Number of protein chains: 2
Amino acid sequence: MSKNSEFIDKLRLSGLRPTKQRLKICEVLFDREKTFHFTINDLAKNISDKIGEKISLATVYNTVHAFKNKGYLKEISVNSHKSYFDTNITNHHHFFDQDTNQLIDCDEDVIENLKVKKNITGKKISSIEVLIKVATDNQNQK
Amino acid sequence: MSKNSEFIDKLRLSGLRPTKQRLKICEVLFDREKTFHFTINDLAKNISDKIGEKISLATVYNTVHAFKNKGYLKEISVNSHKSYFDTNITNHHHFFDQDTNQLIDCDEDVIENLKVKKNITGKKISSIEVLIKVATDNQNQK
DNA sequence: TCAATAGTTTAGAATAATTATAATGTAGTA
DNA sequence: TACTACATTATAATTATTCTAAACTATTGA
Ligand SMILES: [Mn+2]
Ligand SMILES: [Mn+2]
Ligand SMILES: [Zn+2]
Ligand SMILES: [Zn+2]
């Protein structure tokens, strides 16, 4: 399992000890084809599905925050009362499907020409994010 | 107080009874020069500051949700574990000051050329929002 | 004018997401 | 191996929000 030793290196380089739990979480998060957008609950479910052993919810929280602080995960702003995380750490924008509560990455060509022409004086821009909320084509507004 | 009878009309027209509490909340929300961006806590504090009487927190929640459903308030997506509301119900974008946790409206000319060129098939876009996070010009990244 | 009624307010309980605590366990290192 | 700092865990605490059910009030029409 070469992936596994990559994860060990990555963790060591970040000053995080490669524990059994963190490696399992790495597998679930980073050993996949596509971007993973998840809430802590999604992740916990995913872990217990894919793996026999259980990881404490506190550890899942701790690890997700550690990974976020190291820049391996992004937190996404969604109008909801849960935090969403993203394994795609590049600058990109999202659709949010209000029917399924799923985040979906926008392809490069979805948002055209986004330019921010002014800024608050004395402040630095740390991120620019577009969120496009979508729903089934009924009368589902707002 | 002509404002007050305007509020009464507005509430009646929406099928909401113009109660003492709702009128006080209208005053705090809508009788002001500039847009008000707030959390429920901000609003509750604002109410108890401006007014002698206390309004139950449950009523503040109920009223804000009622006003949101009637389209008098918008809820804004911010990366936080609180809901933010906005008295500016037009389509517009925001700065979010990470130092003060304040939302600030973008002027018309801040965001240029925002075009969404594709959409999820079978879905309808219900909103497009840009959130620009800013912080003091130190090493405050992410 | 005045009940009847449906809608509203309220305190407090319940829920859900997240964070804190503090005891136990383990990885790194000498 | 033994020490130490870091990590995991169950559980408690916290926080925002929603629910409940009893008391209150605006509206209506007799
Ligand atoms: Mn909401
Ligand atoms: Mn957060
Ligand atoms: Zn994404
Ligand atoms: Zn606004």
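Predicted, not measured: the structure shown is a model, and the values here were computed from it. So you know, we letter chains A, B, ... as the sequences are listed, proteins then strands, and number each from 1.
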Residues which pass salt bridge (charged side-chain N to carboxylate O under 4.0 Å, His left out) with [X], listed by chain and number, not counting sequence neighbours:
X        : answer
B:Lys45  : B:Asp49
B:Lys117 : A:Glu112
A:Lys10  : none

May I have the distance from [X] (atom [atom1]) to [N] (atom [atom2]), rounded to whole angstrom?
X       : N      : atom1 : atom2 : value
B:Phe38 : D:dT17 : CZ    : P     : 11 Å
A:Asp42 : C:dA16 : CG    : P     : 16 Å
B:Asn62 : C:dA11 : CG    : C1'   : 13 Å
A:Ile8  : C:dT26 : CD1   : P     : 17 Å
B:Lys24 : C:dT9  : NZ    : P     : 14 Å

Between the protein and nucleotides 28-30 of chain D, list every N/O to N/O distance that falls short of 3.5 Å.
none

Could I get a table of every N or O pair under 3.5 Å where one atom is in the protein and the other is in nucleotides 18-21 of chain C?
unit_1	atom_1	unit_2	atom_2	d
C:dT18	OP1	A:Ser83	N	2.9
C:dT18	OP1	A:Ser83	OG	3.3
C:dT18	OP2	A:Tyr61	OH	2.8
C:dT18	O5'	A:Tyr61	OH	3.4

Under 6.0 Å from the six-membered ring centre of B:Phe30 and within 45° of its axis: does the NZ or CZ of B:Arg32 meet both?
no

Looking at [N], I'd like to know if its phosphate oxygens (OP1 or OP2) sit under 4.0 Å from a side-chain N or O belonging to [X].
X       : N      : value
A:Arg22 : D:dT8  : yes
A:Gln21 : C:dT26 : no
B:Ser56 : C:dT9  : no

How would you list, by chain and number, every residue that makes a ring pair (Phe, Tyr, Trp, His ring centres under 6.0 Å) with [X], sequence neighbours excluded?
X       : result
B:Tyr72 : none
A:Phe85 : A:Phe38
A:His92 : A:His94

Remaining members of hydrophobic cluster (4.5 Å side-chain criterion), B:Leu13:
none

Side-chain donor/acceptor pairs under 3.5 Å, residues 16-26 of chain A, sequence neighbours excluded:
unit_1	atom_1	unit_2	atom_2	d
A:Thr19	OG1	A:Arg22	N	3.2
A:Arg22	NH1	A:Arg17	O	3.0

Closest non-hydrogen contact found for B:His37 with B:Leu103 is ND1-O, 3.4 Å

Among pairs that include at least one residue of residues 89-98 of chain A, which meet salt bridge (charged side-chain N to carboxylate O under 4.0 Å, His left out), considering only residues two or more places apart or in two chains?
A:Asp97-B:Lys123

Contact list please: residues 11-20 of chain A against DNA chain D, heavy atoms, distance less than 4.0 Å, in numerical order.
A:Leu16, A:Arg17, A:Thr19

